[in-house]
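To start, the structure itself, in structure tokens.
As the structure is a prediction and not an experimental result, all values here were calculated from the model.
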Number of protein chains: 2
Amino acid sequence: MDKQRQRSEETRSRLLEAAERSFAQQGFDGTGVAKICQAAGVTKGAFYHHFSSKEDVFMELFRRWLERLEIQMAKLRENSASVPEELLSMTSLMQEVLQATEGQFPIYLEFWTRAMRDPAIRQELISPFYRYRDLFSEMVLKGVSEGTMKEVHPETTARLILAVALGLLIQGLLEPQEAEWDQVTQESMQILLDGLMKR
Amino acid sequence: MDKQRQRSEETRSRLLEAAERSFAQQGFDGTGVAKICQAAGVTKGAFYHHFSSKEDVFMELFRRWLERLEIQMAKLRENSASVPEELLSMTSLMQEVLQATEGQFPIYLEFWTRAMRDPAIRQELISPFYRYRDLFSEMVLKGVSEGTMKEVHPETTARLILAVALGLLIQGLLEPQEAEWDQVTQESMQILLDGLMKR
DNA sequence: TCTATAATACCGACCGGTCGGTATGTATTC
DNA sequence: GAATACATACCGACCGGTCGGTATTATAGA
């Protein structure tokens, strides 16, 4: 009854978790493989049994992050009320993202940093952005055609929405306790919609 | 006629430039002091004559960046038309910032990364944000009192404006050639103002 | 003005330590 | 008894920082 596989998978995930924590706290270069192993309660042998290099673990974590982004985006697509309502309902999702990201900001910065250096990784990072932009773009297009929104330029507006989301997210991560971020997000989106909706 | 001082300052600035380039391309940890020296055409002796550590050069560059931010903010304060006009005129400044930052994104990420790790540095990074937020807050307050703007919450609105600026900046840095960013900024601000202004 | 001396600016070999990765051994499971 | 899952010991490269020394320039006294 595959006892080995079970054990193997557990150590693997323990290594991943330990690596994530350490990367977040000490950064990629500041994190030693030995430290990861110590935190995971195993030794280097286990580490290099599961991963080919330190970079390898990092990329695994990176891919998992991208996957989570995809899932978030999928959630966004589920909605199907009027476009403005849809956009407003996004704020709760933003809050979710913020909480999930809390305390993990540094590792995302690490992702970004590496992405800027390696063109391939960079592309992997950018593509979700394109997807989000396209999603927003579609929503705006729909909003315009259904008559609830002004006749704005869909792509530009999509970038604007993305900017607001990104900008508020960063501020929220930078100083989590400084404001009621869900409320700020809510009000911000409301203001934005006031500029986008027909009256 | 202070020939020594002149030479000294030149090597120092050469070291700073070399360090900045290397940090941007290879990151802080990926950059060796020896490499910086090689790029600057001097040796370690010169380096440690001018700086106490690798961290020291980094912090010097960081402080220079913050200074530049201050200067940008000072430019913002010069304006004195009506608040909405003032906000619109900011877009040209955004463009300036974008161009100045172009190709330097990685080192700013490096700044952020370190800032998240060291509370003191973090504070240095955050404080300009507070200043910008306060500046925008004042502007909104003025706009409300002069009757050109709706009665929105100044702080929240300030955060929103900051978010737009930050979000668009990041997108612009991530894919500089992907759009006419000055135009996008212009239109975005216009939409935002439509949501903020009384009609 | 010439010189002695101090100060500055810089050189470059070297060290202590760290860290990613490997090679080999061992225990447990299939 | 073969394969899997991990442990242990170790290597070699690299890197930040040091330190004794040198060359050049500034300074002060005669």
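With C:dA9, C:dT28, D:dC6 as the choices, the nucleotide that has an atom nearest any side-chain atom of A:Ala46 turns out to be D:dC6. Considering only side-chain atoms of A:His50, the nucleotide from D:dT25, C:dC10, D:dC6 that sits closest is D:dC6. Here D:dC6 is the nucleotide among C:dC11, D:dC6, C:dG21 with the atom lying nearest to any side-chain atom of A:Ser8. In this structure, of C:dC10, D:dC6, D:dG17, it is C:dC10 that holds the atom nearest to the side chain of B:Thr43. Ranking C:dC11, D:dA26, C:dG21 by closeness to the B:Gln4 side chain, first place goes to D:dA26.
Between A:Phe47 atom CZ and C:dG21 atom P there is a gap of 8 Å when expressed in whole angstrom units. Atom NE2 in A:His49 sits about 13 Å away from atom C1' in C:dT29, given to the nearest Å. Between the P atom of D:dT18 and the NZ atom of B:Lys54 lies a distance of 14 Å, rounded to the nearest Å. Rounding to whole angstrom units, CD of residue B:Gln38 and P of C:dC10 are separated by 18 Å. Whole-Å rounding puts the A:Phe58 CZ to C:dG21 C1' distance at 19 Å. Rounded to an integer number of Å, the gap from B:Leu15 CG to C:dA9 P is 13 Å. Distance A:Ile36 CD1 to C:dG20 P: 8 Å, rounded to the nearest Å. The separation between B:Tyr48 atom OH and D:dC15 atom P is 12 Å, rounded to whole Å.
A:Thr91 and A:Gln186 are linked by a side-chain donor-acceptor pair at a separation below 3.5 angstrom, with hydrogens and angles left out of the test. Under the 3.5 Å distance criterion, with hydrogens and angles disregarded, no donor-acceptor pair is assigned to the side chains of A:Gln26 and A:Thr31. At a cut-off of 3.5 Å, with distance as the only test, no side-chain donor of B:Ser53 or B:Glu55 sits close to an acceptor on the other residue.
Contact check, B:Thr11 against C:dA9: no side-chain N or O comes under 4.0 Å of OP1 or OP2. At D:dT25, none of the side-chain N or O atoms of B:Arg7 fall inside 4.0 Å of OP1 or OP2 (strictly under the cut-off).
Residue A:Lys44 places a side-chain atom within donor-acceptor reach of the base of C:dG21, judged by atom type and a 3.5 Å distance cut-off alone.
The residue from B:Phe111, B:Phe58, B:Trp112 that alone fulfils the ring-ring contact (aromatic ring centres under 6.0 Å, His included) condition with B:Trp65 is B:Phe111.
Remark: A:Arg114 is positioned above the aromatic ring of A:Phe28, its terminal NZ or CZ atom under 6.0 angstrom from the ring centre and at most 45 degrees off the axis.
Between A:Glu9 and B:Ser52, it is A:Glu9 whose nearest contact on DNA chain D lies nearer the 5' terminus.
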